[in-house]
Engineer: 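Structure incoming, see below.
Because only heavy atoms are used, hydrogens play no part in the values below, and waters and symmetry mates are left out as well, while side chains stay in. Quick note on labels: first sequence line is chain A, next is B, and so on, each numbered from 1.
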Amino acid sequence: MPPNFVTEVIDADLASGRVERVVTRFPPEPNGYLHIGHAKAICLNYGLARDYGGRFNVRMDDTNPTTEDPEFVRSIQDDIAWLGLEWDDLRYASDGFEELFALALRLVEAGHAYVDSQSEEAIRDGRGTLTEPGTPSPYRDRSVEENLDLFGRMRAGEFPDGAHVLRAKIDMASPVIVLRDPVLYRIKHAHHYRSGDAWPIYPLYDFAHPLTDALEGITHSLCTLEFDNNRAVYDWLVGHLFPEPRPRQYEFARLVLDHTVMSKRKLSALVKGGFVDGWDDPRMPTIAGLRRRGVPPEAVRTFATRVGVTKSLSRTSPALLDESVRDALNPVAPRVMAVLDPVPLELTGLPRHVDVVVAPRFPDDPASAVREVPISKRLVIERDDVALEPPEGFKRLAPGRAVRLRHAFVVRCDTVDVDASGRVERVHATVLPDSLGANPAGERVWSAIHWVDAEAGAEATFRLYDRLFDVPNPDAVGGTFTDHLASDSLLERHGLVEPSVLRDGPDTRYQFERLGYFWRDPRDGRDDTLVFDRIVPLKDGWAKRRDAPANAGGDGALATPAAPAPSGASPDAAEVHPFAHLDAGARATAERLRDQHGVDPAAAAPIASSSELAALFADGVAAGAPATDLATWLANDVQRLTRAHGSVPAGLSGTMLARLLALVDDGRLTLRMARALLDEVAHSGEDPEALVVERGLSVQGDPAALAVWVERALAEHPAEVAAYRGGKRGLHGFFVGQVMRASQGRADPAAVQDAVREALEHGEG
RNA sequence: UGGCCCGUCGUCUAAUGGCAGGACAUCCGGUUUUGGUCCGGACGGUCGGGGUUCGAAUCCCUGCGGGCCAGCCA
């Protein structure tokens, strides 16, 4: 799998020894069918474990007895197996109910959890809002003994549903709402499909998920972005109950596909509303739907790696899936001919002895197997392939024109019969002699079209599937999402297919030449009746060209009433004064920094708004640091450090900054070196000067020494040198960069710039 | 005056302070007994403003835009 932000984390964890091996998991709740978004998550978790030689588990997150069902457990296993991915362990969160209960007990004993006896509504009210803190439950300070007693009786089934809950005792005023004493257990006298009636209480996701991860030895717990908020509880719980190495949660962006919907609720609405044929309707983005449509599993895997893994909110075009499907099928799908919208073609001049032609199953491979295709003077061809009056660019059959019958003869169209409305009804054509496997002299052959013998061809039904919705995002436009269902997402055609398909296995995926990839519908097309599903159409340059004027802009994108978002270039892009958002006290400090010390306002503002930075500034100035330089460092580098570290590193002091600055000022360190040193000493608290002496650090400004690096940089990048001399002057910075890097930041930038320019301009060649 | 996450070609995604690259889509050309495949080429991007730096997509500040969180769902 290509590198991504998760593999970076894993690389670092392995390198630091935080974990010894990788254990991932895919945690579906067995309350619905898997869809292609899940496939992405499965591929990610599986791929990580595989690539790092770790383990991958599938875990049913079955902690809510009222929604879960063994039928889904089965379908989830089927779907994952179909994807071709194997798990090391199949687990159930419900198998850990006993252990989870013990952990809850420990929390209670430690005073970290309590039984709340408020009503559901009171708990909701007490939680506060997004902008107001919550209020503590009157039961929050129950004694450990009382909590133990009550929780034990909850477990014993003494109370009715809703009488009590177990809550974590965290912080009712936390800005992170999930930390406002989250509910851990609820009373639910319900039959669980696995644990039966053994439990009257069930843990909630926020409790069960992290702790099950920990129990299972998961190292990297991957989930989608919306669980970002829940990470706070995750860390709180495993932090209180498990030693390192604890599992850590990382969130990635879920897959969102254009022109479809992915939520369980909406998918279910499509099924229940009869808008589709079921969960495995080939138009559905479910794994079952993809499978029934004939999409090969490797195409889904390819697609999953093509979409990548990031935290950016994104929408993916179904074209990427389609292309992955074609990539998978093109090399393996035998070619055959089928006519979906047949119109009779009457031939004259077909040689008497010919009743069959031999055609390769893979025309691009000269060594491929062949099949025999019956031919007679009565054929059918595609109605689209005939025009009485051919439009501009039309390369197919029209009166007087000759085309190749694919794998057979060239025929010239004599007449075309049309009905009153102009619809083509019948075509008469003459076979050109000696055109089998050779081009007739003096005849322009416009193209090759597919055909099937009218008599020998097998009757078949063809189902043509297309995107479910005619807008990219059915949620972003007005009305209910079902308002935007495409009317033509399923088209049924009745035509003929060449009889060779009758001899193939029922699972064979074909390319119907010039049309697309098809296979026999697993539900309706596997007995005597031939029903073919179109897996994906071939790219069709002609259709694109023909439809272009009508569509004017193509793709449903236009259907979205695109608000002319003013975005960044909005009117108030005007500069905002750095002090604008400071409170009165900070503003006074900032003004003092500016007026008394000459600090740039842009640097003064962040320093003034942080007491730590302000203190460092005062100390540094007292230690003799130049105020403006110090301020710049504080506003930039120290803030960077602070952010990365979570707080001001312990070893950092104003004196240290002053010394670092002095070293730069004296020319003993470059800024870059000083910065690198800062990162180091801020944590260790070492004296910068001592480190400089110890390591023999010095600025390299000696022309002769620089010249060596410059020469090497030029020698290693001859193409860039040539490009520079050819006029691409921007490459100067590139070479400076090479030299700076080679010197590990020790070279004096100004000297390097000159040396590089000199070498580039006046060097030999 | 809630917290957090995210902004790179039309779309998805690389670049980890040093030439903004790839894939899909689009367009053009070549090969072709599939208007397919394959091959070649083109188009096209760092959300705005300020700062730090020799050098910023990347670091700092700020604005704008999008998303998530107030289930005894997961």
Engineer: Considering only heavy atoms and no angle criterion, is a donor-acceptor pair shorter than 3.5 Å present between the side chain of Arg396(A) and the base of rG35(B)?
Structural biologist: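 Looking at the base of rG35(B), it does pair with a donor or acceptor on the side chain of Arg396(A) (distance under 3.5 Å).
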Engineer: At 4.0 Å (heavy atoms only), tell me whether Gly393(A) reaches a base, stays on the sugar-phosphate, or touches nothing.
Structural biologist: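 Contact class for Gly393(A): base.
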Engineer: Has the side chain of Asn636(A) got a donor or acceptor atom sitting under 3.5 Å from an opposite partner on the base of rG51(B)?
Structural biologist: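 Yes, the side chain and the base share a sub-3.5 Å donor-acceptor pair.
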Engineer: In terms of ring plane angle, is the pair Tyr724(A) and His732(A) parallel, tilted or perpendicular, where the classes change at 30° and 60°?
Structural biologist: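 Tilted, since the angle between the ring planes falls between 30° and 60°.
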Engineer: Measuring to OP1 and OP2 of rC12(B), would you say a side-chain N or O of Arg306(A) lies under 4.0 angstrom away?
Structural biologist: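 Checking Arg306(A) against rC12(B): no side-chain N or O falls below 4.0 Å of OP1 or OP2.
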Engineer: Using a heavy-atom cut-off of 4.0 Å across all strands, would you classify Gly437(A) as base, sugar-phosphate, or nothing?
Structural biologist: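 Base contact.
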Engineer: Can a donor-acceptor pair be found between the side chains of Gln118(A) and Ser137(A) at a distance below 3.5 Å?
Structural biologist: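 Gln118(A) vs Ser137(A): donor-acceptor pair found between side chains.
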Engineer: Let me know the distance between CG of Asp540(A) and C1' of rA25(B), rounded to the nearest Å.
Structural biologist: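 Going from Asp540(A) (CG) to rA25(B) (C1'), I get 16 Å.
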Engineer: Assign each of Gln511(A) and Asp327(A) to its nearest nucleotide of RNA chain B by heavy atoms, then name whichever residue's nucleotide is nearer the 5' end.
Structural biologist: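 Closest to the 5' end, via its nearest nucleotide, is Gln511(A).
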Engineer: Quick one: closest heavy-atom pair of Phe151(A) and Val115(A), and the distance?
Structural biologist: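 Minimum heavy-atom contact is N-CG2, 3.8 Å.
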Engineer: Once you round it to whole Å, what is the distance between C1' of rU34(B) and CZ of Arg404(A)?
Structural biologist: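 After rounding, the reported distance stands at 13 Å.
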Engineer: If you compare every side-chain N and O of Thr310(A) against the phosphate oxygens of rU13(B) (OP1, OP2), does one of them come in below 4.0 Å?
Structural biologist: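 Checking rU13(B) against Thr310(A), a side-chain N or O does come within under 4.0 Å of OP1 or OP2.
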Engineer: Distance check, P atoms only: rC27(B) and rC43(B), in whole angstrom units.
Structural biologist: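 Here rC27(B) and rC43(B) have their P atoms 16 Å from each other.
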Engineer: Could you give the distance separating rU8(B) and rC47(B) at their P atoms, to the nearest angstrom?
Structural biologist: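 Rounded to whole Å, the distance is 6 Å.
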Engineer: Between atom CZ in Arg361(A) and atom P in rG36(B), what is the gap in whole Å?
Structural biologist: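 In whole Å, rG36(B) P lies 23 Å from Arg361(A) CZ.
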Engineer: Check nucleotides 26-28 of chain B for protein N or O atoms closer than 3.5 Å to its own N or O atoms and list the pairs.
Structural biologist:
from, atom 1, to, atom 2, distance (Å)
rU26(B), OP1, Lys544(A), NZ, 2.8
rU26(B), OP2, Lys544(A), NZ, 3.4

Engineer: With heavy atoms under 4.0 Å as the rule, sort Phe512(A) into base, sugar-phosphate or nothing.
Structural biologist: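 Nothing, no nucleic acid heavy atom in range.
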Engineer: If the glycosidic angle is within 90 degrees of 0 it's syn, otherwise anti, so just tell me which one rG71(B) is.
Structural biologist: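 For rG71(B), whose glycosidic angle is within 90° of 0, the conformation is syn.
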Engineer: Which nucleotide, rC24(B), rU52(B), rC6(B), lies nearest any side-chain atom of Ser312(A)?
Structural biologist: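 Within the option list, the nearest is rC6(B).
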Engineer: Taking atom P of rG36(B) as reference, at what distance in whole Å does atom CZ of Arg514(A) sit?
Structural biologist: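 So the two atoms are 11 Å apart, to the nearest Å.
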Engineer: Does a distance-only test, which skips hydrogens and angles, find a donor-acceptor pair under 3.5 Å between the side chain of Arg335(A) and the base of rU34(B)?
Structural biologist: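 Such a pair is found, so the answer is yes.
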Engineer: So for atom CZ, which belongs to Arg306(A), do other residues, nucleotides or ligands contribute more than 12 heavy atoms lying within a distance under 6.0 Å?
Structural biologist: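 Check passes, neighbour count above 12.
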Engineer: What is the distance, to the nearest angstrom, from the CD atom on Gln249(A) to the C1' atom on rC4(B)?
Structural biologist: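 Distance, rounded to whole Å: 13 Å.
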Engineer: If you measure only the distance, is there a donor-acceptor pair under 3.5 Å linking the side chains of Gln249(A) and Glu251(A)?
Structural biologist: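 A donor-acceptor contact under 3.5 Å links the two side chains.
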Engineer: Please report the C-alpha distance between Phe303(A) and Leu320(A) in whole Å, then the side-chain angles of each, then the deciding distance to 0.1 Å, and finally whether the side chain to side chain contact (heavy atoms under 4.5 Å, CB included) criterion is met.
Structural biologist: CA-CA 7 Å; Phe303(A) 173 70; Leu320(A) 191 62; 4.0 Å; yes
Engineer: If you look at every strand shown and take non-hydrogen atoms under 4.0 Å, does Ala750(A) touch a base, only sugar-phosphate, or nothing?
Structural biologist: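 Nothing, no nucleic acid heavy atom in range.
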Engineer: Given Asp384(A) and Arg514(A), is the salt bridge (Lys or Arg N to Asp or Glu O under 4.0 Å) satisfied, shown in steps?
Structural biologist: CA-CA 12 Å; Asp384(A) 270 2; Arg514(A) 301 212 300 137; over 6 Å; no
Engineer: Ignoring hydrogens and geometry beyond distance, is a side-chain donor-acceptor pair present between Tyr205(A) and Asn230(A) at under 3.5 Å?
Structural biologist: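 Absent: no donor and acceptor within the cut-off.
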Engineer: Measure from the side-chain heavy atoms of Ser447(A) and tell me the nearest of rG36(B), rC54(B), rG35(B).
Structural biologist: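 Nearest to the side-chain atoms of Ser447(A), counting from C-beta on, is rG35(B).
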Engineer: Could you tell me whether a side-chain N or O of Glu382(A) sits under 3.5 Å from a main-chain N or O of Leu340(A), the two making a donor and an acceptor?
Structural biologist: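 Side chain of Glu382(A) to backbone of Leu340(A), a donor-acceptor pair under 3.5 Å: yes, one is there.
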Engineer: Please determine, by modelled atom types, if Ser221(A) and Arg25(A) share a side-chain donor-acceptor pair under 3.5 angstrom.
Structural biologist: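 The answer is yes; a qualifying pair exists.
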Engineer: Could you label the plane-to-plane angle of the Phe26(A) and His38(A) rings as parallel, tilted or perpendicular, counting under 30° as parallel and over 60° as perpendicular?
Structural biologist: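 Ring orientation of Phe26(A) relative to His38(A): perpendicular.
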Engineer: Look at all strands and tell whether Lys311(A) reaches a base, only sugar-phosphate, or nothing, counting heavy atoms closer than 4.0 Å.
Structural biologist: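 The answer is sugar-phosphate, as Lys311(A) gets under 4.0 Å only of primed atoms, P, OP1 or OP2.
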Engineer: Taking atom P of rG17(B) as reference, at what distance in whole Å does atom CZ of Arg672(A) sit?
Structural biologist: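 In whole Å, rG17(B) P and Arg672(A) CZ are 9 Å from each other.
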Engineer: Please determine whether side chain to side chain contact (heavy atoms under 4.5 Å, CB included) holds for the pair Ile177(A) and Arg127(A), giving the CA-CA distance in whole Å, both sets of side-chain angles, and the decisive distance to 0.1 Å.
Structural biologist: CA-CA 8 Å; Ile177(A) 291 185; Arg127(A) 192 145 29 220; 4.1 Å; yes
Engineer: Please work out if Gly541(A) contacts a base, only the sugar-phosphate, or nothing of the nucleic acid, heavy-atom cut-off 4.0 Å.
Structural biologist: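 Contact class for Gly541(A): sugar-phosphate only.
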Engineer: Taking the P atom in each of rC24(B) and rG36(B), what is the distance between them to the nearest angstrom?
Structural biologist: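 To the nearest whole Å, 15 Å.
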Engineer: In whole Å, what is the span from the NE2 atom of His259(A) to the P atom of rU11(B)?
Structural biologist: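 Interatomic distance, NE2 of His259(A) to P of rU11(B): 13 Å.
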Engineer: Look at the side-chain N and O atoms of Arg643(A) and state whether any lies under 4.0 Å from the OP1 or OP2 oxygen of rC60(B).
Structural biologist: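 Indeed, a polar side-chain atom of Arg643(A) lies that close.
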Engineer: Answer with base, sugar-phosphate or nothing: what part of the nucleic acid does Arg315(A) contact at a heavy-atom distance below 4.0 Å?
Structural biologist: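 Answer is sugar-phosphate: Arg315(A) comes under 4.0 Å of backbone atoms only.
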Engineer: When you compare rA20(B) with rU58(B), how far apart are their P atoms, in angstrom units rounded to a whole number?
Structural biologist: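 Those two atoms are separated by 14 Å.
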Engineer: Show your working on ring-ring contact (aromatic ring centres under 6.0 Å, His included) between Tyr139(A) and Tyr114(A) and close with a plain yes or no.
Structural biologist: CA-CA 8 Å; Tyr139(A) 303 98; Tyr114(A) 62 97; 8.7 Å; no
Engineer: Base, sugar-phosphate or nothing for Glu323(A)? Non-hydrogen atoms, less than 4.0 Å.
Structural biologist: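 Here Glu323(A) touches the backbone only, sparing every base.
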Engineer: Look at all strands and tell whether Leu538(A) reaches a base, only sugar-phosphate, or nothing, counting heavy atoms closer than 4.0 Å.
Structural biologist: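 Answer is base: heavy atoms of Leu538(A) come under 4.0 Å of a base.
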Engineer: Take atom P in rC61(B) and the same atom in rG66(B), then report the distance between them in whole Å.
Structural biologist: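 One P to the other, the span is 22 Å.
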Engineer: Measuring only the C1' atom in each nucleotide, how far is rC9(B) from rA23(B)? A whole number of Å is fine.
Structural biologist: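 12 Å, rounded to whole Å.
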Engineer: What's Val736(A) touching, base or sugar-phosphate or nothing? Going by heavy atoms closer than 4.0 Å.
Structural biologist: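 Base contact - Val736(A) has a heavy atom under 4.0 Å of at least one base atom.
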Engineer: Indicate for each nucleotide in nucleotides 67-74 of chain B, in 5' to 3' sequence, whether protein heavy atoms under 4.0 Å reach the base (B), only the sugar-phosphate (S), or nothing (-).
Structural biologist: SBBBSBSB
Engineer: Need to verify one output field. Residue with the more 5' nearest nucleotide on RNA chain B, Arg406(A) or Gly308(A)?
Structural biologist: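 On the 5' side of the pair lies Gly308(A).
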Engineer: Does Asp600(A) make a side-chain donor-acceptor contact with the base of rG50(B), cut-off 3.5 Å?
Structural biologist: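 Answer is no: no donor-acceptor pair is held.
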Engineer: Atom CE of Met740(A) to atom C1' of rA56(B): distance rounded to whole Å?
Structural biologist: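 In whole Å, rA56(B) C1' and Met740(A) CE are 15 Å from each other.
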Engineer: Once Watson-Crick and G-U wobble pairs under 3.5 Å are found, how is RNA chain B written in dot-bracket notation, 5' to 3', with | for any base paired to another strand?
Structural biologist: .((((((..((((....[..)))).(((((.......)))))....(((((..]....))))))))))).....
Engineer: NA contact type, Ser174(A), heavy-atom cut-off 4.0 Å: base, sugar-phosphate, or nothing?
Structural biologist: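 Counting heavy atoms under 4.0 Å across all strands, no contact is made by Ser174(A).
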Engineer: Is it the case that Glu226(A) and Thr224(A) place a side-chain donor and acceptor less than 3.5 Å from each other?
Structural biologist: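 Thr224(A) and Glu226(A) do have a side-chain donor-acceptor pair below 3.5 Å.
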Engineer: Please report the distance separating the P of rG21(B) from the corresponding atom of rC60(B), rounded so that it comes out in whole Å.
Structural biologist: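 Looking at atom P only, rG21(B) and rC60(B) are 25 Å apart.
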Engineer: Under 30°, 30 to 60°, or over 60°: which ring-plane class applies to His717(A) and Phe734(A), parallel, tilted or perpendicular?
Structural biologist: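 If you compare the ring of His717(A) with that of Phe734(A), the planes turn out perpendicular.
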